[in-house]
Amino acid sequence: MNYVTTGIEGLDQVVGKGLPEGSVTIIEGAPGTGKTNLSLQFLLGGIEQADKQPGAYITFEELPEQLYEETKSFGWDLRAYEKQNLLRVICLSPDIFLEELLKTNGFVTQLLDEIGCKRLVIDSISLFRYLSDNEHDYRKTFYSLRNSLRRKKITSLFIKEADAHSDQNATFEQFVVDGVISLKLDPLQQIYRKRTLEVKKMRGCAIEEGEHIFNFNDKGVKVVPALSMIEDKTTLNASDRFLPTGITGLDRILHGGIPEGSMYMIDTNSKANYRYLLASIVAEQLKKGKKALVLLTHALSTMDFEALLGLFGLSLHDLIKNDQILFLDFYDRIVPKEYENAVINLFDQTGEEFNSVMHSNFISLLKSGQYVGDDYLVTIDSHTLISSFGEDFVIDYLAKIVPTLKGFNVSSIMLNNYRQISERNASYFERISDGIIKTWVDGRYQFVQVNKSAQGVISKPLIVENSQQAPFIELV
Amino acid sequence: MSKAEYLPLQIECIHFFESNPFAFETVEGLSTRLGKSPKELEVVLVELETLAIVEKVGLGSNEIYRYVQPVEEVL
């Protein structure tokens, strides 16, 4: 299937790849929501293509001269395009339009053929209903119209006035056409208004669901796709490499993975299983020859790690032998003799003692150049640190350790549960993290959502589905 | 009405078609657009057709008038 650009900044991303060539899409909305300008910009988008796709705007009520005048504010000279045979703003009555379009060699068809019309806007299809005596005739006419344009491979937008039922029930027209884009003007913070656009349907396209804000600038309509934010160029520029998480859907969202040298937080709630997510990230780095400093949690002991890494085809025995992994354990747990050299026990130790262990076993070695930061991934569990040393110590400690780790380009993952810390500290954790991957259980489903990322993307909530092979989870 | 009396309406029609070169209107349709009597418009449109300012497409109730763009204006 071929796709044509909508010509509207941001909209191609929302509909997937653009509009399917020859498709028919309804643009519906109440008066003043921007249907006309959006549709005209779609025509201009075709004209501005290298292969020049001429278009026609069929208006039943508004006069072309009004459109010529109104669109000057966007710098659009519609008359100039008409003189170049790239555009026609055609004004006629809906009954004549239908009759002449459907008739062999009718003058509407001649007009469209004259310019080699590839794009068409009909403003508006709401009037067609009044032309038919009954529903059956109306449906027949509408089908014919759609089929006629499809056969001509003209990509079309049908403007439709929203009625009281538009939000609740899908109309007959919505079933028949290939796409439906709904425009709204909603209140924003009580005194403002925001324009939103929602692609409700687009055959053959992976659409970005939900409402997206759009606005008018001096060049026309610009859609700001939801779930996007400002990318952190300082983090991205500092790193030209990404650490894959090993979870395809997540790596796709993160444009390859976690930027090397950054700190990403995995925010969980108590019901959510984050083990595979964490294990996948750690295993991916170990497979690439990186080293890991793992601060164990109450739910993840050395033995748990042995089992988890085993599922990812890694032998903890070999990793320890190759000096690739070091654990810090804050609990009084039995460690198999063969792993003893790779586990530093900090049970009943003070925060200062923990700080000292971290310094002598890791930070000082980075500073002396014995360790290279790029080679390391550190995993931290904030809840374990807080329960061992108290919230104040941890906040103070993270304020010092996180910049140090970043300074040496050490990548780090922090496990966190917002519900177990104060709101002030939660917001602090959020601030110091370059990215946040949230996972939680709601009802009978577990979800994952990227809430913040250096790449500037945030995702919609994705369902976590179990799979039989590593990484044992898929994001749907 | 004399020809002179029709002149303002004639000018109004020319202005309409010049401003909307791809307008296709029946007498009834133009009557609604301009808010003028269809009977008077019919007379004016016949005159404009004679002058080759507009041309007629279709027959009977489907008689549609369209603007004939001056040669220099047509591309």
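Below, read A as the first sequence line, B as the second, and so on, with proteins coming before strands; counting in each chain starts at 1.
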Going from SG on C91(A) to CZ on F17(B), what distance comes out if it is rounded to the nearest 0.5 angstrom?
9.0 Å

Under the 3.5 angstrom rule, does the side chain of R33(B) hit a backbone N or O of L63(A) as a donor-acceptor pair?
no

Taking side chain as C-beta onward, heavy atoms only, is I90(A) less than 4.5 Å from F22(B)?
yes

Part of residues 95-113 of chain A lying next to chain B, heavy-atom separation under 4.5 Å:
I96(A), E99(A), F107(A), L111(A)

Please enumerate all residues that pass side chain to side chain donor-acceptor pair (under 3.5 Å) together with K222(A), with sequence neighbours excluded.
E9(A)

Check whether any side-chain heavy atom of S93(A) lies under 4.5 Å from a side-chain heavy atom of E28(B), and answer yes or no.
no

Using every non-hydrogen atom in the two residues, find where P21(B) and Y68(A) come nearest and quote the distance to one decimal.
CD-OH, 3.8 Å

Taking atom NZ as the centre, does K35(A) end up with more than 12 heavy-atom neighbours from other residues, nucleotides or ligands that are less than 6.0 angstrom away?
yes

Is it the case that the side chain of N20(B) and the backbone of E65(A) share a donor-acceptor pair, with hydrogens and angles ignored and the cut-off at 3.5 Å?
yes

Other residues, nucleotides and ligands only: do more than 12 of their heavy atoms fall within 6.0 Å of NZ on K201(A)?
yes

Rounded to the nearest 0.5 Å, how far does CD of Q69(B) lie from NZ of K83(A)?
8.5 Å

Please state whether the side chain, the backbone, both or neither of Y57(A) comes within less than 4.5 Å of a heavy atom of chain B.
neither

